[in-house]
Structures are given as structure tokens and as C-alpha cells.
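The next block holds one structure in the form of C-alpha cells; read it before the comments.
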Amino acid sequence: PARSARPAPSGPSASALARYGSLVAWLALACLTASLALRSVVTGHGPFVTQHEFATSMAWGFLAMFLFFEWRYRARTLALLVLPITAGMELYALTQATTVDPLVPALQNSLLLTTHIIVAVFAYGAFAVSFAAAALYLAQAWIPESLARVLPKPEVLDRLGYRAVVIGYPLLTMVIVLGAVWAEIAWGSYWSWDPKETASLVTWLIYGGYLHARVARGWVGRGAAWLLVVAFASVILTFVGNAFFGG
């Protein structure tokens with residue numbers, strides 16, 4: 001008699017794993033939201049002052065913008081990079097002091113502080129999504145074909161990276177404007193070429209150059225993806241630059 005066919009493996013399907021991943025992302029967002037809310041209650045101000053607080057807020061922004069893109073564009077595959085970036089930001093937050101100190105005078109304008117940082121959190125979250133799309137675009141040239149098949153098509157990743165920058169760039173512009181107003185109130189000068197200000201301006205120029213090249217010149221593909229990678233490296237430098245350059 002003919003040998004019976006071997007039964008197919010009964011492990012979870014890719015779609016089931018994707019759903020589990022989405023559930024984990026939502027749970028992580030809920031936990032970070034609770035953590036930030038409790039921190040606000042304890043400190044009496046928004047959780048945006050110390051490097052620990054801002055790193056946790058940035059991790060929240062990464063997740064929030066990823067989940068928005070997952071809902072809006074069904075871009076679940078971006079989790080392959082967004083979630084490790086978020087975990088890395090949280091690990092960095094754990095290395096920072098968690099003490100609660102009185103606010104210095106420059107940080108006591110609660111309205112400007114809160115607005116400035118909230119807008120920055122969403123801008124950086126959008127840029128994390130654009131980086132994930134660009135990095136996955138570039139990775140398809142090096143990963144095995146069997147793995148590349150589960151990723152979105154390169155043109156889809158290219159569009160996702162662009163759409164994320166279209167969201168993040170106006171927000172970053174608002175961050176710089178609000179920061180300048182805040183600086184004038186706190187120190188009597190809109191712009192003093194502080195390292196943080198300069199890094200923010202460089203980041204703004206890089207993303208502005210990307211949008212100009214994309215819209216005016218139709219620049220797509222690997223060159224555009226590499227520019228998004230460089231731009232996100234500038235975002236990270238802007239975030240951690242104080243540790244190296246002061247300001």
C-alpha cells in the first residue's frame with residue numbers, strides 16, 4: 001500500500017503570530033501609559049523632565065505611532081524593528097536616575113513644557129516608523145528570499161517611510177518653534193546655538209532635504225531609504241546629545 005502523506009505541522013500560522021504581536025504591543029502601550037500617568041501623579045508635572053522620563057515617553061511614542069500605522073496601513077511587519085527599538089529605549093531609561101528633583105526655573109512653564117515634549121514624542125515616534133520601513137527596505141537585498149517574501153514589497157515600504165515623515169516633519173517644526181519660544185521666556189533668547197538646538201536643526205534639515213528630494217525630484221529607492229536611516233541616527237543623537245555635548 002502507498003505510504004500515507006506526512007501531516008502538515010500544526011504550529012501557529014504567520015497571521016496568528018502577527019495577532020499575538022499586536023496584542024503584546026497594545027499591552028506594552030497600556031503599561032507605559034500607566035507608568036507615565038503614575039509618574040505624573042508622583043512628581044506633580046508631566047513625565048518629560050528627566051532623561052529617564054523622556055526616554056520612557058519616547059518609547060511610548062514609538063509604540064503609539066507604530067500601532068497607528070498598523071491600524072491605518074496594516075503595516076504589522078514594521079514591528080520587526082519598531083519593537084526592538086522601543087525595548088532598547090526602555091533599557092536606556094532603566095540606566096537613568098529615577099529620582100524626583102524640584103524643577104529648575106527654566107522648566108516651570110508647564111504649558112510650554114508639556115506641549116513641546118508631547119509634540120516631540122509623536123514626531124520621534126513617526127520617525128521611528130520611517131526608519132523601520134527604510135531599514136526593512138534595505139534589508140531585502142541581504143536577507144534570504146524565503147524571509148524576504150514575508151516582508152511588504154519594497155515600493156510599499158518606500159511609501160510607508162514617506163508617509164511617516166509627512167506626519168513627523170510638521171511636528172518636528174512645531175517642536176523647534178515651541179522650543180524657541182520657551183527659550184526666549186526662560187533665557188531671553190530665541191536661539192543660542194545650544195547643542196540640543198543645533199542637533200534639532202540638523203535633524204530638521206535632513207528630513208526637509210528628504211521631502212524636497214522626494215517631492216521635487218521624485219527620489220525613491222535605496223538612496224532615499226539610506227537618507228531616512230541617517231535622519232533617524234540624527235534623531236537619536238539629538239536625544240542623547242546632552243550626555244556628550246552638554247547644553
Side-chain angles (χ1 to χ4, degrees), residues 12-30 32-33 57-89 118-143 145-175 203 206-215 218-233 235-236:
S13 65
S15 60
L17 290 174
R19 287 194 296 272
Y20 294 148
S22 296
L23 178 60
V24 169
W26 278 108
L27 289 174
L29 184 68
L32 283 177
T33 302
S57 297
M58 278 188 65
W60 185 95
F62 291 171
L63 280 178
M65 292 305 297
F66 159 68
L67 289 170
F68 168 77
F69 269 77
E70 183 194 41
W71 165 76
R72 181 68 178 82
Y73 301 109
R74 302 294 186 267
R76 283 177 171 170
T77 314
L78 297 180
L80 290 171
L81 286 181
V82 174
L83 296 186
I85 294 169
T86 303
M89 187 59 67
I118 286 177
V119 175
V121 163
F122 283 108
Y124 291 169
F127 293 148
V129 170
S130 74
F131 165 76
L136 289 175
Y137 180 101
L138 294 169
Q140 295 197 29
W142 299 311
I143 61 177
E145 184 178 350
S146 58
L147 180 57
R149 281 200 297 266
V150 307
L151 298 177
K153 294 181 179 180
E155 56 269 24
V156 173
L157 291 169
D158 187 78
R159 286 197 301 271
L160 287 173
Y162 169 69
R163 287 169 177 167
V165 175
V166 166
I167 293 173
Y169 188 70
L171 295 176
L172 180 60
T173 304
M174 289 179 60
V175 170
T203 301
I206 296 173
Y207 280 111
Y210 165 82
L211 289 175
H212 174 76
R214 175 91 184 200
V215 174
W219 197 28
V220 298
R222 291 178 59 82
W226 275 116
L227 187 56
L228 288 181
V229 171
V230 171
F232 190 68
V235 167
I236 299 301

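Position 1 is the first residue of the sequence, and the numbers go up from there.
In plain terms, the two heavy atoms of Ala126 and Ile167 that are nearest each other are CB-CG2, 4.3 Å. Of all the heavy atoms in Ala128 and Val82, the pair that sits closest is O-CG2, 4.3 Å. When all heavy atoms of Ser130 and Leu228 are compared, the closest pair comes out as O-CD1, 4.0 Å. Looking at every heavy atom in both residues, Gly168 comes nearest to Ala123 through O-CB, 3.8 Å. Across all non-hydrogen atoms, the minimal contact from Pro152 to Gln140 is O-NE2, 2.9 Å.
Not counting sequence neighbours, the partners of Arg222 by the side-chain contact (heavy atoms from CB on, under 4.5 Å) test are Tyr137, Leu138, Ala141, Trp142, Trp226. Not a single side chain to side chain donor-acceptor pair (under 3.5 Å) links Thr86 to another residue, sequence neighbours left out. Every residue two or more places apart in sequence or in another chain that forms a side-chain contact (heavy atoms from CB on, under 4.5 Å) with Leu227 is listed here: Ile206, Tyr210, Trp219. For Ile85, the side-chain contact (heavy atoms from CB on, under 4.5 Å) criterion is met by Phe62, Phe131, Phe232, not counting sequence neighbours. The side-chain contact (heavy atoms from CB on, under 4.5 Å) search around Leu29 returns Trp26, Thr33, Trp60, Leu63, Ala64, Leu67, not counting sequence neighbours.
Between the CG atom of Leu27 and the OG atom of Ser22 there is a distance of 11.0 Å, given to the nearest 0.5 Å. A distance of 5.5 Å separates CG in Leu83 from CZ in Phe66, rounded to the nearest 0.5 Å.
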side-chain contact (heavy atoms from CB on, under 4.5 Å) between Leu151 and Val156, worked out: CA-CA 10 Å; Leu151 298 177; Val156 173; over 6 Å; no
Is there a side-chain contact (heavy atoms from CB on, under 4.5 Å) between Val129 and Leu160 once you walk through the steps? CA-CA 8 Å; Val129 170; Leu160 287 173; 5.8 Å; no
side-chain contact (heavy atoms from CB on, under 4.5 Å) assessment of Val235 paired with Tyr207: CA-CA 10 Å; Val235 167; Tyr207 280 111; 3.9 Å; yes
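Residue pairs meeting the side-chain hydrogen bond (donor to acceptor under 3.5 Å, both in side chains) criterion with at least one member in residues 153-166, sequence neighbours excluded: Asp158-Arg214.
Between Tyr73 and Phe68, the angle of the ring planes goes over 60°, which puts this pair in the perpendicular group of the 30/60° scheme.
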